[in-house]
Protein chains: 4
Amino acid sequence: MTHWVLILSCPDRPGIVLAVAGLLAEHGGNITESQQFGDPLSGLFFMRVQVETTVVRAELEPALAELGTRFAMTWSLDVVGRPVRTLVMGSTAEHCLNDLAFRQRSEGLPIDIVAVVSNHTVLAELAAFYGIGFHHVPVTRPTRADAEARLLALVTELDVELVVLGRYMQILSDDLCRALAGRAINIHHSFLPSFKGARPYAQAHERGVKLIGATAHYVTAELDEGPIIEQDVERVDHTRHVDDLMRLGQDVERRALARAVRWHAEHRVLLNGHRTIVFR
Amino acid sequence: MTHWVLILSCPDRPGIVLAVAGLLAEHGGNITESQQFGDPLSGLFFMRVQVETTVVRAELEPALAELGTRFAMTWSLDVVGRPVRTLVMGSTAEHCLNDLAFRQRSEGLPIDIVAVVSNHTVLAELAAFYGIGFHHVPVTRPTRADAEARLLALVTELDVELVVLGRYMQILSDDLCRALAGRAINIHHSFLPSFKGARPYAQAHERGVKLIGATAHYVTAELDEGPIIEQDVERVDHTRHVDDLMRLGQDVERRALARAVRWHAEHRVLLNGHRTIVFR
Amino acid sequence: MTHWVLILSCPDRPGIVLAVAGLLAEHGGNITESQQFGDPLSGLFFMRVQVETTVVRAELEPALAELGTRFAMTWSLDVVGRPVRTLVMGSTAEHCLNDLAFRQRSEGLPIDIVAVVSNHTVLAELAAFYGIGFHHVPVTRPTRADAEARLLALVTELDVELVVLGRYMQILSDDLCRALAGRAINIHHSFLPSFKGARPYAQAHERGVKLIGATAHYVTAELDEGPIIEQDVERVDHTRHVDDLMRLGQDVERRALARAVRWHAEHRVLLNGHRTIVFR
Amino acid sequence: MTHWVLILSCPDRPGIVLAVAGLLAEHGGNITESQQFGDPLSGLFFMRVQVETTVVRAELEPALAELGTRFAMTWSLDVVGRPVRTLVMGSTAEHCLNDLAFRQRSEGLPIDIVAVVSNHTVLAELAAFYGIGFHHVPVTRPTRADAEARLLALVTELDVELVVLGRYMQILSDDLCRALAGRAINIHHSFLPSFKGARPYAQAHERGVKLIGATAHYVTAELDEGPIIEQDVERVDHTRHVDDLMRLGQDVERRALARAVRWHAEHRVLLNGHRTIVFR
């Protein structure tokens, strides 16, 4: 008996749920979880189903392919809980890597961090503790293209499915953003769209906000404009200096990032244009 | 075209989703929202579907009845957004009535408050402003049975579907609780199961908690033990006296109560033994 | 015995707390609450003290004036809990007025709403229920100056200390903003600085944010840029349309506004340039 | 120039603030932060002051001792930011130790974890990574007294100021609780006073609560009844099984515990009978 997760999207029209339920029933499937959403604005329909069956992938996929063609569907099938091969990029801040690696180890976060890539060496120690390969890839303006090529080579070589930018303080080229479209998650240290760009905590302090936030989003070529997966906030007051905001913010950042990574790895996040559907 | 909401529960087994989807498709239905949950502990399956169709109730109901028999289902069918006929009970505190009546008037809360019943007269003014009939039903130990009989008579007479206890400071008899089972919601002014019984804010202050809460639950004969629909909390600190907790608590109470009433009125709450499924 | 609240700010230097504590002790004062903050950036010191004493205002004020001169202080003295004379402006949405008026009536919010001013007539009914004078002041481009003059006349005539813009959908002139500086609070229906300007919920929906918010701030000539007093957020997901955001947002708006108005009325908010100190 | 933190409590009466401010001014002190609270119920006054001065401890302490005698004060003086020598006890769950050690390393949590004590060996690896001595002290019913003696010996030997029970699954004897009174913090995995005792997540699931919580409190001989320092909650719904609650709960536990430990280490927590004052 395998526990499958199927996600799909297609133009909305009557009969999709019935067709999916029918297909799964024909293959002896018992649906354990199912969520759907029809977006009246985009006219698209989205669905996520978990189903238990003894039928194997080689039998399921052709049936799904046929269904996909009939409904002009984008779909994907995976085994529930399979760890997603993940590469974490960072610079000097350790909290994102520490949090994700710890949750993989102790809280059942379904990822397998196969590499840490950094333009600094600070993260090497943590990576070693968690038994993750560490790759020091320095970046300077002239070497950026080489560094990105090396990253992409690692992605291919290690069969990486998800790249997480855990406070990686370099801007990616448009080409790299496109190459990683839909499989790279960044954590931005503000409640987007407030305080885009550099030094968001300094901007937040200057503006005198009463809540600080963090935003986990897919990486796109437009900086800090990618589809938002998760956001969270924390209350602050006038006594907090910029340094305090940075420290308090780390907690919000890792919380929002961990949720986004979990939902992505559990195939709960579907793209709807520049917004996301999150079937929590 | 009517927009229907169907809720159902039955022993879990393969084929339920397919059968429901099939039935709705046969009747020209387009599913706009669907949620389901199978509880491995109770072995029960729960589902809520919103569906648009031109087919009328007289045609849908027999088909559902047949399906219901086949799967040993409890089910109910309603029109999406139909205001639920509601009776609000209160004593002297006005915040629950004010909040529910205002949300009915201005925020599309799908209830129709058809009566206010109180053992005091304080609420008469608010009821009059909102054009709701006010019924003063004093309660003393010897007259409690009469008072409850009068309430039940009103429930019948006014075709009341939902009774809301908005800080009604009288304990209902077991018989009344049973008569209103599944259609009476109480707001308890603590984060249950903490501080059951009387004076929860005084108990909370005495214990020195750092968060106070409120719990909206279905009324059962066991005091403060009914199935929980919604809970919420608010941060407090050592400077707060009991009076402050009561004032701050009003906000939490009305928030939790309003959500519970909305979800109930939208047929999003299903009973699973002494717990609830809330398809938000 | 009178319970006083004293707030003050001045350039920071050693000896301020001692001088204030000494002055109050000399006048038989017993300090019941005291908060202070020295801002290293602006070099300013802020303090709020509640003190009980039998000494009358005529004796306290000259002593405070002398102290104020010595330390180049801005200060003000009031009686704890005195209701602040408040004018509420609105357009068609009722939730802000309903919330503030209800909290004044039932939750001890220390304001006295002496007038409602609106460019529509929707709020007249609510104002009448709460016994508040309603002033219909229509605004069109050519009559805006007249309308603002009438508002200012009312402010003077009714001895208004605080103007609350409760979803008043007109932009105030720079002159009016200046005339009301520090005594006008607006509720903006977004988590500023996100979604400044018009239709913030539509902007929020378009951007696909996962939390919506509201911001209570002092009105300044720069639109949506005034000092922030309070902010709050509410979780939303992909199923929410713009209309849902507007409805859910009403709850956040009234919560943030009510807190800001309470803190202002309790003299807990001090201006520190374009930011606020809130001694909660 | 040293930055001191002074905390004190004494029977409330006029003149305390003035006396403290006077003493500090005489010693060239510049107050940078000050908070106070008079509890009308206990009649006690509590104060926390941060002050910068060039005066050394040998001069400050006699003056404070004299003041303390005059006002029947309990007081203590420390240097702001000095790391508190901390011993962490745990069993098999790693999240508390991982979180505290990481925050010490990367977020400026002012503790110095000098030992990890456990009745299992799971935590040895993490302790080694963070360079902390690991002490395996197995506990069985007959050896409990020996194990506790060994713990107390370590506390003395290593000059431990704070003991943190980070999901240590053994009940401490009354004698040990008394020996560590006011310097041992436990994290309980429920929103106390709900679900005292064993298996709180199973109890929470059974009761069908909509929020789960965690409580950081000082250890006392009465199980789960010690003074509460901090509480936090997380929303859950009907889809969550007991295992999910345990996993989600880890996040709440470490958040509440980290705040409580920080506030304790920064001398922000004062005992007021069986409740706490937290000068945040």
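Residue numbering restarts at 1 for every chain, and letters A, B, ... go by the order of the sequence lines.
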I need the residue from Gly226(D), Gly38(D), Ala204(D) with the largest number of non-hydrogen atom pairs under 4.5 Å to chain B. Gly226(D)
Sorted by number, residues from residues 189-197 of chain D in contact with chain B (heavy atoms, under 4.5 Å): Phe191(D), Leu192(D), Pro193(D), Ser194(D), Phe195(D)
As an exercise: rank Asp237(B), Asp232(B), Thr215(B), Asp39(B) by heavy-atom pairs under 4.5 Å with chain D and give me the winner. Asp232(B)
Would you indicate whether the side-chain heavy atoms of Gln231(D) and Val233(B) approach each other to under 4.5 Å? no
Check this for me: Met73(D), atom CE, are more than 12 non-hydrogen atoms of other residues, nucleotides or ligands nearer than 6.0 Å? yes
Set of salt bridge (charged side-chain N to carboxylate O under 4.0 Å, His left out) partners for Glu206(B), sequence neighbours left out: none
For the backbone of Val278(D) and the side chain of His238(B), can you confirm whether one donor and one acceptor N or O come within less than 3.5 Å of each other? yes
Kindly give the heavy-atom pair with the smallest separation between Arg235(D) and Glu230(B), and that separation in Å. NH1-OE1, 2.9 Å
Residue part contacting chain D, namely of Glu225(B), when any heavy atom lies under 4.5 Å: both
Counting N and O atoms only, with roles assigned by atom type, does the side chain of Arg207(D) sit under 3.5 Å from a partner on the main chain of Arg275(B), one being a donor and the other an acceptor? no
Using side chain to side chain contact (heavy atoms under 4.5 Å, CB included), reason through Leu41(D) and His205(B) one step at a time and then give a plain yes or no. CA-CA 11 Å; Leu41(D) 296 180; His205(B) 186 264; 3.4 Å; yes
